[in-house]
There are 2 protein chains.
Amino acid sequence: MARQTSENWFGCPFRFGANVLGDGWSLLILRDLIFREARHYGDFVAAGEGISTNILADRLQRLEAEGVISKQQDPDRAVRVIYRLTEKGRGLVPILMAIIDWSEQWDDRTEVPAAFIKAYREDRSGFVASVVDGLELAEAKPGEGA
Amino acid sequence: MARQTSENWFGCPFRFGANVLGDGWSLLILRDLIFREARHYGDFVAAGEGISTNILADRLQRLEAEGVISKQQDPDRAVRVIYRLTEKGRGLVPILMAIIDWSEQWDDRTEVPAAFIKAYREDRSGFVASVVDGLELAEAKPGEGA
DNA sequence: CTGGATCCCAATAGATACTG
DNA sequence: CAGTATCTATTGGGATCCAG
């Protein structure tokens, strides 16, 4: 879909979110960041969804430009990059949760929920807390980003 | 993104939802169906987002195949088609709401929220009720759809 | 070795014009 | 009104290359 610019901006806040979430690869990357604690470039490649490296690089860049994730050097190994949720990105968690709730209700192909989803279901608030607290969130206040 | 098939199915319920929502045009169509009570093909074209007719046709077909919307003839005028949310599609409302909440918090370009969003904010539950009750929902039970 | 960039080319998305 | 047809632009897969 055409990206959101000043020219096609109609003052609809929903469109603002749709611009970030209306992409399958971005959603999968966010899932891995939030529920699977993916941190490195290779983690996303290894996630098994078959994302191409050029697409991955593009989406990571896009998500960073949108201010929902941030990059930094791994303090342990300089060659590694760590991707993290920003505060703005953390705000997306309820949306992903809502997607999971809906999917679980309507998906008739998955009999056994993925392990990370199961963990979330068994103790929703506890799981969320652990996921979110486990992250040292990057800076980002309302008004930042694209 | 590659569409979800039996071959690339990894048993992740989140991916199930991402497959439906990971598309900007589909999200906009759902917004218009849910919050703007769009019913006809032309309503979506006129929504001002500049969707091409082939894309619109494709997405309407896709959403129908996924079981979130249904088509039927307009009883008043046979040449018209009415698009409606199914029960499964109605289940998406909380997700769209979550997107709106997030967008309103982080969008710094829209000072004045769109009118339909404002209505929703002023009386969230009442608004939802009116929107949803205003629709005669089409049939669709868990286990249906793609 | 990790995080990309680049290239090739196949497949998909999309704009515009046109039709039953 | 609700779409097709056609043509072009962009995305994406897969391999390879490269810099730190």
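Order of the sequence lines sets the chain letters (A, B, ...), proteins ahead of strands, with each chain counted from 1. Side-chain atoms are counted along with the backbone in the values below, which use heavy atoms only and exclude waters and symmetry mates. Computed from a predicted structure; not experimentally measured.
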Decide side-chain hydrogen bond (donor to acceptor under 3.5 Å, both in side chains) for A:Gln73 and A:Arg80; before the verdict, give the C-alpha distance in whole Å, the side-chain angles of both, and the deciding distance to 0.1 Å. CA-CA 6 Å; A:Gln73 268 197 357; A:Arg80 287 191 127 196; over 6 Å; no

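Base contact: A:Val79 has a heavy atom under 4.0 Å from a base atom.
Using modelled atom types, one side-chain atom of B:Trp102 and one backbone atom of A:Lys88 make a donor-acceptor pair closer than 3.5 Å. Looking only at distances, no side-chain donor or acceptor of A:Ser26 sits under 3.5 Å from a matching main-chain atom of A:Leu21. Between the side chain of A:Tyr41 and the backbone N or O of A:Thr53, at least one donor-acceptor pair lies under 3.5 Å.
Following rounding to the nearest Å, A:Gln72 (CD) and C:dG3 (P) show an atom-to-atom distance of 13 Å. Between A:Tyr41 atom OH and C:dG3 atom C1' the separation is 6 Å, expressed in whole Å. Taking atom CG of B:Leu56 as the reference point, atom P of C:dA17 lies 18 Å away to the nearest angstrom. One interatomic measurement links the two molecules: CG of A:Asp74 to P of C:dG3, which rounds to 9 Å at whole-angstrom precision. As a whole-Å value, the separation of A:Lys71 NZ from C:dG3 P is 10 Å. Separating the CG atom of A:Asp76 from the C1' atom of C:dT2 is a distance of 14 Å, rounded to the nearest angstrom.
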Table of protein N/O atoms under 3.5 Å from nucleotides 9-16 of chain C N/O atoms:
from, atom 1, to, atom 2, distance (Å)
C:dA13, OP1, B:Arg62, NH2, 3.4
C:dG14, OP1, A:Met1, N, 2.5
C:dG14, OP1, B:Trp25, NE1, 3.4
C:dG14, OP2, B:Arg59, NH2, 2.8
C:dG14, N7, B:Asn54, ND2, 3.4
C:dA15, OP2, B:Ser52, OG, 2.3
C:dA15, O5', B:Ser52, OG, 3.4
C:dA15, N7, B:Asn54, OD1, 3.3
C:dA15, N7, B:Asn54, ND2, 3.3
C:dA15, N6, B:Asn54, ND2, 2.3

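In terms of position along DNA chain D, the nucleotide closest to B:Arg77 lies nearer the 5' end than the nucleotide closest to the other residue of the pair B:Arg77 and B:Gln61.
Applying the salt bridge (charged side-chain N to carboxylate O under 4.0 Å, His left out) test to A:Arg77 and every residue at least two apart in sequence or in another chain returns nothing.
Among the nucleotides D:dA2, C:dT2, D:dT4, the one closest to any side-chain atom of A:Arg80 is C:dT2.
Note on residues 54-63 of chain B: pairs passing salt bridge (Lys or Arg N to Asp or Glu O under 4.0 Å), not counting sequence neighbours, are B:Asp23-B:Arg59, B:Asp58-B:Arg62.
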